[in-house]
Amino acid sequence: MSAPSFDHATLETQCQQEWEKLGIFHVPVKKFNDSKPRFYVLEMFPYPSGDIHVGHVRNYVMGDILARTKRAQGFHVLHPMGWDGFGLPAENAAIERHVHPKDWTYKNINTMRKQLKTLGLAIDWAREITTCDPEYYKHEQKMFIDFFHKDLVYQSETYVNWDPVEQTVLANEQVVNGKGWRSNAPVERRLLPQWSLRITLMAEDLLQALDTLDKWPSEVRTMQKNWIGKSLGAEVSFSIKEHKNTSFNVYTTRPDTLFGASFCALAVDHPLVTQAAQSLPQLQEFISTCQNEKLSEAALENKKKEGFLLPFHAVHPLDDSISLPVYASNFVLMEYGTGAIFGCPAHDQRDFDFAKTYNLPITQVVAPTSSQNKELPPLSQAFTEDGILINSHFLNGMDTTSAKKHIIEHLEHTGKGKPTVNYRIHDWGVSRQRYWGCPIPFIHCSSCGAVPVPVQDLPVTLPYDVDFSLGGNPLDNHPSWKHVSCPTCKKPALRETDTLDTFFESSWYFARFCDPHNPDVAFDKDIAQQWLPVHQYIGGIEHAVMHLLYSRFFSRALSLCGYLDEIHEPFSSLFNQGMVCHETYAFPTEKGKTNQWLAPHETSLNKNGIRVHTQSSTPVVVGRSEKMSKSKRNTIDPVAMIETYGADTVRLFVVSDSPLDRTIEWTESGIGGARRFIDRLWRTGCLLSPDEHNTTHSALIPTPPQNLNPQARDVWKQLHATVKHVSQDLQTFGTNRAIAHVRALCNAIDSLKEQHHDTDSLWVFEQSFRIVLRLIAPIIPHVTHALWKKISPNETLSLLPWPQYDPLWTTQEQLTIPIQINGKIRDKINVPADASRETIEKIALAQPKIIQHLKNQQVRKTIVVASRIINIVASPST
RNA sequence: GGGGGCUUGGCGGAAUUGGUAGACGCGCUGGACUUAAAAUCCAGUGACUUAUGUCGUGCGGGUUCGAUUCCCGCAGCCCCUACCA
């Protein structure tokens with residue numbers, strides 16, 4: 001890499017101090033009454049995990065480029081930053097390293113803030129928020145109570161992962177192969193009373209409104225759609241032969257195949273199974289086997305479908321002479337539908353497998369449309385397509401669609417069933433048995449039940465003096481914190497010791513940023529509404545479902561509770577940045593032990609080209625490239641890079657090559673090229689003398705002198721075209737193209753300077769260079785700011801309007817048009833842009849090369865696409 | 001099992017959305033400057049070919065005057081989701 005031509009560290013610090021002094025990126029918290037449009041750009045805020053890595057840099061730089069561009073284009077820009085403070089890693093640090101989660105979190109925040117600030121981001125730091133601050137979460141507690149009063153919150157019993165050794169509830173990621181991650185003890189399922197949010201209430205609206213989100217990636221919309229999982233079917237009632245008045249309901253999307261039913265199956269936690277198990281020890285055993293299996297088997301593909309034959313039969317709802325065996329089975333889920341199915345082996349692969357295992361009849365009731373009454377061979381697998389009904393009494397001969405309609409009508413008529421809409425999405429369980437989260441503001445009283453904490457008593461703050469060595473939930477173990485009196489009857493009562501899912505904080509932070517320090521309310525409605533919805537949200541695809549869906553639910557719930565009017569969608573445009581990946585490195589592991597990951601900087605290639613742990617020279621296991629994450633330690637620290645090359649170089653480098661939505665494999669090769677470009681700008685800028693006339697630079701590009709030489713004229717045209725392209729590209733995250741255009745223009749103006757030394761060419765050179773600085777400023781703000789100060793001491797680059805191109809200069813008066821013969825380019829001609837098709841054709845056919853090629857050929861047809869191409873279709877003359 | 005995506009020189013990637021494939025950069029090669037190196041500048045750089053040319057956007061087909069772009073089939077890689085009745 002080149003020797004620095006200027007001291008980037010000093011220059012960048014100075015620039016950042018100047019911006020701060022001028023308050024350029026600060027937006028007052030108030031209602032605007034000017035006509036200036038507003039633009040809210042938000043990157044998903046970081047979890048304070050320790051240090052920033054290059055993935056963060058790429059993410060926040062791309063948002064910053066947009067914020068700076070929009071600012072120059074005349075918008076009030078809101079571009080804030082905050083911290084998603086609550087989370088499990090803080091608690092893990094407490095358990096493993098005996099630091100307090102709060103201290104750990106705030107220390108990380110301070111580190112990361114400092115690191116982010118070195119990038120020179122155009123952020124209004126006065127709006128910084130931290131979600132683990134009671135000033136933030138007290139409003140969340142109020143919201144929770146408001147949701148409760150609107151019946152959007154309720155309590156119910158739900159299963160959790162319970163570690164019997166640690167005496168604690170485990171998050172899904174803390175369950176490894178069905179065992180507790182620390183205790184290695186088999187995890188149990190336990191029923192606990194939990195709080196849930198009624199997101200299912202809004203399932204239909206959340207689904208329908210996806211169609212309005214036309215500035216979201218279609219994959220994200222599809223994923224949400226599948227997650228909500230609406231299906232149309234029927235609920236069918238099966239009565240039990242042995243017990244009069246007992247029945248169970250089955251949900252099916254294929255009621256048309258009902259005559260093919262050969263068994264029924266219930267989930268192992270279905271009430272009828274639980275009941276039967278009371279007198280059947282073997283069934284009890286089967287249930288617990290299935291429940292443990294359920295947690296351990298991540299790969300369900302090879303899992304056997306098992307059943308336990310229950311001591312009763314189901315009566316076929318269409319023919320009470322038929323009774324069907326009923327199984328408790330591991331492939332039926334209580335969480336979906338009604339937790340019970342009827343098995344139709346011929347038309348469902350799972351049922352087919354099950355029938356094969358237990359020797360149940362396989363009756364085909366749908367025939368392929370093509371089969372036309374021919375005899376059907378026995379099935380080797382389930383036939384799941386639509387077709388024509390057979391073996392189905394009154395349904396015979398109908399197609400699948402009309403059979404469905406008929407059977408549902410029939411079932412409704414006999415009272416055995418009804419059409420049903422089913423959603424896959426569940427209500428959102430928000431209780432977590434953890435310390436480092438927002439306390440749920442409820443008090444449990446033996447006589448009054450669950451009572452909300454009175455608003456004047458909010459916030460319910462987390463106690464600092466907690467003991468993590470006891471295991472379990474420290475809030476529950478705290479000697480005094482949970483003991484309170486009931487707000488209603490004043491009798492001794494217990495505080496809720498569960499805290500909220502950390503997705504709760506991130507579901508409304510975008511609204512808090514609008515009015516971040518309001519002590520009384522979560523945010524002022526009018527102030528929030530002038531910014532919302534977020535115009536451009538930026539974040540990873542991993543949040544495609546949960547975070548984005550919860551936020552969408554929240555904006556609806558907040559509207560219901562009067563926090564917002566008419567804001568239903570929180571993010572009008574969404575951009576998914578690509579992942580930044582890197583190989584993983586680990587010491588060779590012994591069986592049964594967890595990987596000991598190594599950070600890339602701890603390894604190096606030895607002289608034989610083998611990657612080793614640098615300190616010990618031990619060869620390391622090189623794993624495949626994965627998304628950078630703290631857990632795999634495959635992160636790259638940008639701090640050293642910023643020190644060596646400067647923030648501008650790092651900023652330019654991370655957005656230069658790959659399109660921002662593409663997954664990239666991190667490599668530092670090429671960063672020298674980014675620095676070279678900046679050095680080149682610096683050298684060129686230093687050649688220019690300060691502007692003595694104190695010209696004020698507006699959006700308009702100045703008019704050049706008359707009669708420029710052709711090269712200068714071409715540069716001037718290219719300049720306008722570049723402004724056009726870059727303006728578009730910077731707004732659509734096409735930074736790689738924008739940079740390429742600017743570099744091409746730089747090459748052109750440099751060669752103009754080399755070849756022409758007249759005053760007019762010099763003028764073109766200087767003016768073009770000024771525009772280059774303005775176009776590239778959002779990407780490399782420091783060096784451009786400093787250079788502008790040199791050449792226009794009375795202006796601040798960040799306050800200049802965005803340059804506007806003149807369409808007159810982007811039109812070509814002379815065009816190069818290729819001539820094809822049968823689709824192959826044979827020659828090129830220069831023609832005036834307004835040449836008619838006939839003229840072009842005439843010129844083309846007169847070219848010597850073309851005449852040569854058309855010798856012995858007969859022209860059949862000529863296609864002239866104005867200002868594009870000419871294609872001559874010819875064939876050998878006969 | 002279901003859904004989505006990707007595949008262009010040695011590498012990252014462009015391509016006006018069906019019209020000059022390889023912009024811009026990295027790397028590499030040669031040259032200038034230098035005692036030498038670094039830096040900088042100049043030239044070259046898809047393959048084959050002495051050249052005119054020929055081939056070339058994962059593979060096979062199709063539509064079209066014309067396909068990296070649209071359609072069908074196949075392969076490889078990646079992501080999401082999953083016993084969803």
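We name chains A, B, ... by the order of the sequence lines, and we start the count at 1 in each one.
- The phosphate of rG13(B) has OP1 or OP2 within less than 4.0 Å of a side-chain N or O from Ser658(A).
- Atom CG of Leu210(A) and atom C1' of rG3(B) are 15 Å apart (whole Å).
- In the set rG4(B), rC24(B), rG13(B), the nucleotide with an atom closest to the side chain of Glu219(A) is rG4(B).
- Within the 4.0 angstrom heavy-atom criterion, no nucleotide atom of any strand lies near Gly229(A).
- Backbone-only contact: Thr252(A) has heavy atoms under 4.0 Å from sugar-phosphate atoms and none from a base.
- At least one side-chain nitrogen or oxygen of Arg676(A) sits closer than 4.0 Å to the OP1 or OP2 atom of rC26(B).
- Among the heavy atoms of the strands lying under 4.0 Å from Arg737(A) are primed sugar atoms or P, OP1, OP2 only; no base atom is included.
- Taking every side-chain heavy atom of Lys305(A) into account, rC83(B) is the closest of rA82(B), rC83(B), rG13(B).
- Among the heavy atoms of the strands lying under 4.0 Å from Arg826(A) are primed sugar atoms or P, OP1, OP2 only; no base atom is included.
- Map Asn871(A) and Ile817(A) each onto its nearest nucleotide of RNA chain B; the residue landing nearer the 5' end is Ile817(A).
- Distance from the side chain of Ile869(A) is smallest for rG19(B) among the nucleotides rA85(B), rG13(B), rG19(B).
- If you take atom C1' in rG58(B) and the same atom in rG9(B), they sit 15 Å apart, rounded to whole Å.
- At a threshold of 4.0 angstrom between heavy atoms, the contacts of Ile825(A) are confined to the sugar-phosphate backbone, with no base atom among them.
- Tyr336(A) has a side-chain polar atom (N or O) that falls below the 4.0 Å cut-off from OP1 or OP2 of rA85(B).
- Asn226(A) comes within contact range of the sugar-phosphate backbone alone, with a heavy-atom separation under 4.0 Å but no base atom that close.
- For the residue pair Ser231(A) / Tyr251(A), a side-chain donor-acceptor distance below 3.5 Å is found, with atom types taken as modelled.
- Looking at the side chain of Lys861(A), the nearest of the listed nucleotides rC83(B), rC65(B), rU81(B) is rC65(B).
- Using atom C1' as the reference point in both rC83(B) and rC71(B), the two lie 35 Å apart (nearest Å).
- As a whole-Å value, the separation of Phe653(A) CZ from rG25(B) C1' is 10 Å.
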Between Glu306(A) and Tyr358(A), does the side-chain contact (heavy atoms from CB on, under 4.5 Å) criterion hold? Intermediate values first, please.
CA-CA 9 Å; Glu306(A) 288 181 81; Tyr358(A) 294 97; 4.0 Å; yes

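- Using a 4.0 Å heavy-atom cutoff across all strands shown, Val873(A) reaches sugar-phosphate atoms only and no base atom.
- Syn is the classification of rU17(B), since its glycosidic angle stays within 90° of 0.
- Going from the P atom of rG13(B) to that of rC6(B) covers 13 Å, rounded to whole Å.
- Residue His720(A) forms a side-chain contact (heavy atoms from CB on, under 4.5 Å) with just one option from Asp806(A), Leu808(A), Ile771(A), and that option is Asp806(A).
- Atom CD1 in Ile671(A) sits about 18 Å away from atom P in rG12(B), given to the nearest Å.
- Between the C1' atom of rC11(B) and the CD atom of Glu668(A) lies a distance of 16 Å, rounded to the nearest Å.
- Side-chain contact of Thr200(A) with Asp427(A): a donor-acceptor pair under 3.5 Å is present, judged by distance alone.
- Base pairing of rU29(B) is made with rA43(B), judged by Watson-Crick or G-U wobble geometry with both donor-acceptor distances under 3.5 Å.
- Rounded to the nearest Å, the gap between the C1' atom of rU40(B) and that of rG22(B) is 28 Å.
- If you check the side chains of Gln224(A) and Arg552(A), you find a donor sitting under 3.5 Å from an acceptor.
- Among the protein residues, Thr816(A) comes within range of the nucleic acid bases, having at least one heavy atom under 4.0 Å from a base atom.
- When both pairing distances are held under 3.5 Å, rU16(B) makes no Watson-Crick or G-U pair with any nucleotide shown.
- Residue Lys824(A) places at least one side-chain N or O closer than 4.0 Å to OP1 or OP2 of rC55(B).
- Using a 4.5 Å heavy-atom threshold, the side chains of Pro317(A) and Leu258(A) count as touching.
- Within 4.0 Å of Gln820(A), counting heavy atoms only, lies at least one base atom of the nucleic acid.
- Among the heavy atoms of the strands lying under 4.0 Å from Lys828(A) is at least one base atom, whether or not backbone atoms are also near.
- Only the C1' atoms considered, rC41(B) is 32 Å distant from rA51(B), to the nearest whole Å.
- Of all nucleotides listed (rG19(B), rC84(B), rG13(B)), rC84(B) comes nearest to the side chain of Arg424(A).
- Proximity note for Thr222(A) (side chain, C-beta onward) versus rG3(B), rU16(B), rC24(B): the nearest is rG3(B).
- The aromatic rings of Tyr327(A) and Phe263(A) stand perpendicular to each other, their planes meeting at an angle above 60°, with 30° marking the opposite boundary.
- With 3.5 Å as the limit, one finds a donor-acceptor pair spanning the side chains of Arg680(A) and Asn747(A).
- Applying the Watson-Crick and G-U wobble criteria (two distances, each under 3.5 Å), rG76(B) pairs with rC6(B).
- Listed nucleotides: rU20(B), rC24(B), rC65(B). Nearest to the side chain of Ala744(A): rC24(B).
- An anti base is found at rG13(B): its glycosidic angle is more than 90° from 0.
- Atom-to-atom, CG of Leu745(A) to P of rC24(B) comes out at 12 Å; the value is rounded to the nearest Å.
- Taking a pair to require two hydrogen-bonding distances under 3.5 Å in either a Watson-Crick or a G-U wobble arrangement, rU57(B) remains unpaired.
- Atom name C1', nucleotides rA15(B) and rC24(B): the rounded distance is 12 Å, in whole Å.
- Rounded to whole Å, the C1' atom of rU16(B) lies 14 Å from the corresponding atom of rA21(B).
- rG31(B) and rC78(B) have their C1' atoms separated by 44 Å, given to the nearest Å.
- With rA85(B), rU16(B), rG13(B) as the candidates, the nucleotide lying closest to the side chain of Arg868(A) is rU16(B).
- The residue Asn822(A) sits apart from the nucleic acid: no heavy atom pair falls under 4.0 Å.
- Look at rG1(B): its Watson-Crick or wobble partner, with both distances under 3.5 angstrom, is rU81(B).
- Sequence order on RNA chain B of the closest nucleotides to Ser231(A) and Ile870(A) puts Ile870(A) first from the 5' end.
- The aromatic rings of Phe575(A) and Phe733(A) sit parallel, their planes meeting at an angle under 30°, below the 60° perpendicular limit.
- Shown here, rU68(B) forms no base pair; nothing in the strands shown gives a Watson-Crick or G-U wobble contact with both key distances under 3.5 Å.
- Side-chain contact of Glu335(A) with His426(A): a donor-acceptor pair under 3.5 Å is absent, judged by distance alone.
- As rounded to whole Å, 14 Å separates atom C1' of rG25(B) from atom CD1 of Ile678(A).
- Side-chain N/O atoms of Arg743(A) include none lying less than 4.0 angstrom from OP1 or OP2 on rA14(B).
- If you measure from atom CG of Asp256(A) to atom P of rA85(B), you get 13 Å, rounded to the nearest angstrom.
- We find that CD1 of Ile872(A) is positioned 14 Å from P of rG66(B), with the value rounded to whole Å.
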